[in-house]
Each structure stands twice: as structure tokens, then as C-alpha cells.
Amino acid sequence: MKRYVAVEVRYDADGGMRPLSVLWDDGRRFEILRVTDVRRMASLKAGGTGIRYRCQIGQREADLFFEDPRWFVDCRETM
């Protein structure tokens, strides 16, 4: 399931971006502890193509996609 979310992002001097946290529409904020992989690919579960950031959020891994100009989470289950 594709769920669009707000994302806090840090941009570096070279124009690269790193997501820092995911903001759910109900006000919850999930800090991204680390990004383990970044690559352009399609979301096989939710549909759509973009840059996939595989992120560790708490004890879980989540796929966060940048589908310019929006971000979405490939939801397998509710956070």
C-alpha cells in the first residue's frame, strides 16, 4: 500500500539528500536511525517508481520512496 508522508530531509553541498524522519498525518514522528541502501527502483508492492531509501526506523526496516516531488512509504504494516 502506498502512503504519502511528510519527510524531514537534510541536503548536502553536492545536492544529495538524506531523510531524517517520517511524519505521519496523525502527528506521529518516526526518526530514521540509518539509511542502509539508496537506489532508483520501482515499488513492487505499492506501485510507482522513484529513489528507494531502505531505512531503519526503530527495530524495523522500511522502504521510503522519493517520487519527485513527493515521498511515500511502501506500507507492509502500520508503524
Side-chain angles (χ1 to χ4, degrees):
M1 177 176 140
K2 184 187 284 192
R3 183 168 183 172
Y4 288 100
V5 292
V7 176
E8 293 177 330
V9 180
R10 180 177 59 222
Y11 292 91
D12 64 27
D14 296 325
M17 58 185 170
R18 184 190 185 291
L20 301 175
S21 61
V22 176
L23 306 165
W24 234 233
D25 56 2
D26 65 4
R28 292 181 292 164
R29 180 180 176 276
F30 296 94
E31 181 181 355
I32 296 171
L33 301 177
R34 66 187 184 128
V35 175
T36 59
D37 186 51
V38 179
R39 67 180 68 195
R40 176 168 289 285
M41 67 181 301
S43 169
L44 301 176
K45 295 196 182 278
T49 305
I51 300 172
R52 184 198 70 185
Y53 292 79
R54 175 144 297 164
C55 304
Q56 181 179 348
I57 300 174
Q59 297 298 316
R60 298 182 184 177
E61 276 199 339
D63 290 335
L64 177 63
F65 286 84
F66 180 66
E67 185 180 57
D68 196 13
R70 301 191 296 174
W71 291 86
F72 72 88
V73 175
D74 186 357
C75 291
R76 294 185 188 107
E77 57 189 72
T78 304
M79 287 185 179

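Sequential numbering from 1 along the given sequence is applied to the chain's residues.
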Smallest separation among heavy atoms of Pro19 and Val7, with atom names: CB-CG1, 3.8 Å
Spacing of CD belonging to Glu8 relative to CG belonging to Leu20, to within rounding of 0.5 Å: 7.0 Å
Glu31 versus Ile57, closest heavy-atom pair with distance: O-CG2, 3.7 Å
Chi angles and distances behind the side-chain contact (heavy atoms from CB on, under 4.5 Å) call for Phe66, Val9: CA-CA 11 Å; Phe66 180 66; Val9 180; over 6 Å; no
Spacing of CD1 belonging to Ile32 relative to CZ belonging to Arg18, to within rounding of 0.5 Å: 7.0 Å
Counterpart residues, side chain to side chain contact (heavy atoms under 4.5 Å, CB included), relative to Val38 (two or more places apart): Val35, Ile51, Tyr53
Same apolar cluster: Leu23 and Tyr11, side chain cutoff 4.5 Å: no
Shortest non-hydrogen contact from Phe72 toward Gly47: CZ-O, 3.8 Å
Flag, side chain of Asp26 to backbone of Arg28, donor-acceptor distance under 3.5 Å: yes
Residue pair Trp24 / Val73, side-chain heavy-atom distance below 4.5 Å: yes
Test item: Thr36 side-chain N/O and Arg54 main-chain N/O as donor-acceptor pair under 3.5 Å: yes
Pro69 backbone acceptor or donor facing Glu67 side chain under 3.5 Å: no
Non-hydrogen side-chain atoms of Phe65 and Lys2 separated by less than 4.5 Å: no
